[in-house]
> 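Structure incoming, see below.
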Amino acid sequence: MTAGVREQPRGADSPRPRHGTRLRLVGWLTAVAVLAGVGYRLWLVVNATPPTNSDEATMGLAALHIARGEGFPVWFYGQQYMGTLEAYLAAPVFALTGGPSLLGLRLPTLALYLLFLLLSWRLTLRLTGDRWFGLLVVALLALGSDRVVKNQLIAGGGYPEMNAAGVALAVLAVDLVAGRPGWRLARWAAWGFLAGLMLWVDPLVLPYVVATGAVLVGFCHRELRRAAGALLGAAAVLGAAPLLLHSLLNGRNPLHAVLAASGANATAGWADRLHGGLLLGPPLGMGFCAPGQCATWQLWWALALPLLLALGAATAWRALRRPPAGPASPAGPASPAGPASLVDPADPGDPVLVAPRVAAAIRLALVLAAVVTLGAYIVSSSAGLTPVESSRYLSCLLISLPALLWPVWTVARRGPRPTATGRPSLGRKLARPVALALLAATLGTAAQATWRSAQTAPATRAAEARHAELVSTLRQLGVRQVRAGYWTCNRLTFASAEQVVCAVVDDALRPGFDRYPAYRREVDRAAAPAWVAPAGSPLANVLDERQRANPGSLDLVTIDGWRIYLPQ
């Protein structure tokens, strides 16, 4: 009997147990990386990290008004651009939990991050078929420096949903171009709706909309002439309906507001723009720097990124120029790109890898979208005027991570190819160690930045506790109307669920920028509104001077970090 078992032919099936074990291992490791990324961000959210601000509170107030049925804003309060999708996502949470909270406001953004992570993993598998490379991409996206977690968790308008939508557009484009059977019209409609929705939410993701759309037109132009094109167009109009209706009803062009906000009306020298856009922006925006600053050694990514963009574009273009492969594989219908789908030999039922030309086209689109994003940032004056804060405009570059790192991973894993003489040249011998060092440096730098960001959580939690004490003290004092600085006002109003309303003043006590004018009208009607200022701030110094000049005009109540001035 034993001999009979030994004589059974195994052929190609012989390595299956070992390959299946490796497959299960990489699957478990990927799941652990996903849980680690979500768990890390959930821990940050529970600890009120990253710190909130009045802009995020403005989105929270919009969500509160939606939950109460008091208003359905199209734009972020106080401006005519940046849609309020985050407010509409948070409104049901507020309605279910009985009121506004920072946790309730950030739970939808945490869910969007999870969606981004899973879609990035799926896109990586569809483009490369390499599950270990998929693990690397997930591990990198699970890490989160200060700037990255701010973009992903703060509900300040646009950033948390852009990356999820951008990757979803790429995944849908892959499936449509590869001819994946089933639900094709639904996929066309989904792509169009997401593209239109992003037009309303935030134009920063438009390079990815245009790039993936160009791939669809290039490969599927015949299908787009039929029902698919009409359905895509109708879905895009539906997604952009808030923007279109508001523009038609009010005769306003949101593009003008976007250009003004980008710094088009400001001036900055090209030296400053290049310094902020090429040197500081990429390491900060892609997660390689400590909170609010970049050490000199962390700027290495600014040198690596142009090389990765060039390498990614060159390898994708070379693969795209190769003649289409032969007949379609059994995994799917034929397409202009060659075989519609190649299968993972470890799991023949799961077509994780598409035809080489399809994968190359999508990778090239992702690289070109990254180039356009970086170029648009450099051209804007924001790169020169506020490079640290405006590096958030490069948030979408993370969508292109699989396309940027795939050539490096290929060299690192497969080693140098032999030359015509049968021996690899010295340059090719050095390629693998360089590729391994680059991948290790990428992981190590991102991990160090993540560790530095996590260390800020205790201080942020303490600051949030002091703010909660401020709200409680105002309630105990019976204060319902206050005047304060911009970065105090809406945060205070949101934290008190509008039990305390605030009008903005500048450091000279003059009226400031109120995003929601109804609050100013209420404060102006009050007999004696109080003043609130952070301890040691210019506004507190001005109020202290007024108190000294007119003794008895203001009663001062101090709590840790804050000063409350009550008029007599």
Side-chain angles (χ1 to χ4, degrees), residues 30 33-34 37-38 41 85-86 89 108-131 133-144 148-149 151-153 158-178 180 187-188 190-199 201-216 239 285-287 312 316 352-354 358-373 392-406:
T30 303
V34 170
V38 175
R41 285 158 179 80
L85 178 61
E86 291 162 18
L89 294 176
T109 63
L110 181 63
L112 287 169
Y113 164 74
L114 173 60
L115 182 62
F116 167 59
L117 197 59
L118 295 177
L119 288 174
S120 296
W121 171 76
R122 185 61 180 174
L123 177 64
T124 304
L125 292 194
R126 296 287 278 157
L127 295 182
T128 69
D130 192 321
R131 295 178 184 272
F133 181 59
L135 171 61
L136 173 68
V137 171
V138 169
L140 278 170
L141 296 178
L143 298 170
V148 165
V149 295
N151 292 340
Q152 292 170 346
L153 297 179
Y159 297 98
E161 56 265 46
M162 281 192 303
N163 283 5
V167 176
L169 289 169
V171 171
L172 288 168
V174 169
D175 288 344
L176 289 167
V177 173
R180 190 173 187 183
R187 289 190 177 95
W188 283 115
W191 194 97
F193 180 78
L194 278 176
L197 191 68
M198 289 301 103
L199 286 175
V201 170
D202 199 308
L204 287 176
V205 76
L206 284 185
Y208 291 87
V209 176
V210 173
T212 54
V215 175
L216 289 177
M286 297 187 72
V352 297
L353 177 63
V354 299
V358 174
I362 296 294
R363 294 204 323 267
L364 182 61
L366 295 178
V367 172
L368 293 179
V371 171
V372 172
T373 299
R392 66 185 185 276
Y393 298 152
L394 299 177
S395 144
C396 290
L397 292 181
L398 292 178
I399 300 172
S400 301
L401 202 60
L404 296 177
L405 293 182
W406 174 241

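Values below: every heavy atom of this structure, side chains too, minus hydrogens, waters and symmetry copies.
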> Heavy atoms only: give me the nearest Pro160-Gln152 pair and the separation to one decimal.
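Here Pro160 and Gln152 meet closest at CB-O, 3.5 Å.
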> Side chains of Leu112 and Leu89: does their closest heavy-atom pair fall under 4.5 Å?
yes
> Show the nearest heavy-atom pair for residues Val148 and Gly285, with the distance to one decimal.
CG2-O, 4.1 Å
> Hey, does Asn163 have a side-chain heavy atom less than 4.5 Å from the side chain of Asn151?
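Not in contact.
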> From Leu401 CG over to Thr124 OG1, what is the distance, rounded to the nearest 0.5 angstrom?
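Between Leu401 CG and Thr124 OG1, I get 8.0 Å after rounding to 0.5 Å.
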> For the residue pair Ser120 and Val167, what are the closest heavy atoms and their distance?
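In terms of heavy atoms, the two residues are closest at N-CG1, 3.5 Å.
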> Side-chain contact test, heavy atoms from C-beta onward, threshold under 4.5 Å: evaluate it for Phe133 versus Val137 and give yes or no.
yes
> Please name the pair of heavy atoms, one in Gly166 and one in Ile399, separated by the smallest distance, quoted to 0.1 Å.
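For Gly166 and Ile399, the tightest heavy-atom pair comes out as CA-CD1, 3.8 Å.
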> Using side-chain heavy atoms (C-beta onward) and a distance below 4.5 Å, is Thr30 in contact with Trp121?
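Result yes, sub-4.5 Å side-chain heavy-atom pair found.
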> Nearest 0.5 Å, what's the CZ-CG distance between Arg131 and Leu136?
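Reported to 0.5 Å precision, the distance equals 15.5 Å.
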> How far does CG of Leu153 sit from OH of Tyr113, to the nearest 0.5 angstrom?
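Going from the CG atom of Leu153 to the OH atom of Tyr113 covers 9.0 Å.
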> To the nearest 0.5 Å, what is the distance between CZ on Phe116 and OG1 on Thr109?
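Rounded to the nearest 0.5 Å, the CZ-OG1 separation comes out at 13.5 Å.
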> Does the side chain of Leu169 reach to within under 4.5 Å of the side chain of Trp191, using non-hydrogen atoms?
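Yes, side chains in contact.
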> When rounded to the nearest 0.5 angstrom, what distance separates CE in Met286 from CG in Leu397?
5.0 Å
> Closest heavy-atom contact between Met198 and Met162?
SD-CA, 4.2 Å
> Return all side-chain donor-acceptor pairs below 3.5 angstrom for residues 204-214, not counting sequence neighbours, or 'none' if the list is empty.
from: Tyr208; atom 1: OH; to: Cys396; atom 2: O; distance (Å): 3.1
from: Tyr208; atom 1: OH; to: Ser400; atom 2: OG; distance (Å): 2.7
from: Thr212; atom 1: OG1; to: Tyr208; atom 2: O; distance (Å): 2.7
from: Thr212; atom 1: OG1; to: Val209; atom 2: O; distance (Å): 3.4

> According to the salt bridge (charged side-chain N to carboxylate O under 4.0 Å, His left out) rule, which pairs have a member within residues 165-175, sequence neighbours left out?
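Passing the test, one end in residues 165-175: Arg126-Asp175, Asp175-Arg180, Asp175-Arg187.
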> If I compare all heavy atoms of Tyr159 with all of Arg392, which pair ends up nearest, and what's the gap?
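So the two residues come closest at OH-NE, 3.1 Å.
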> Would you compute the distance between atom CG of Leu176 and atom CG of Leu172 and round it to the nearest 0.5 angstrom?
6.5 Å
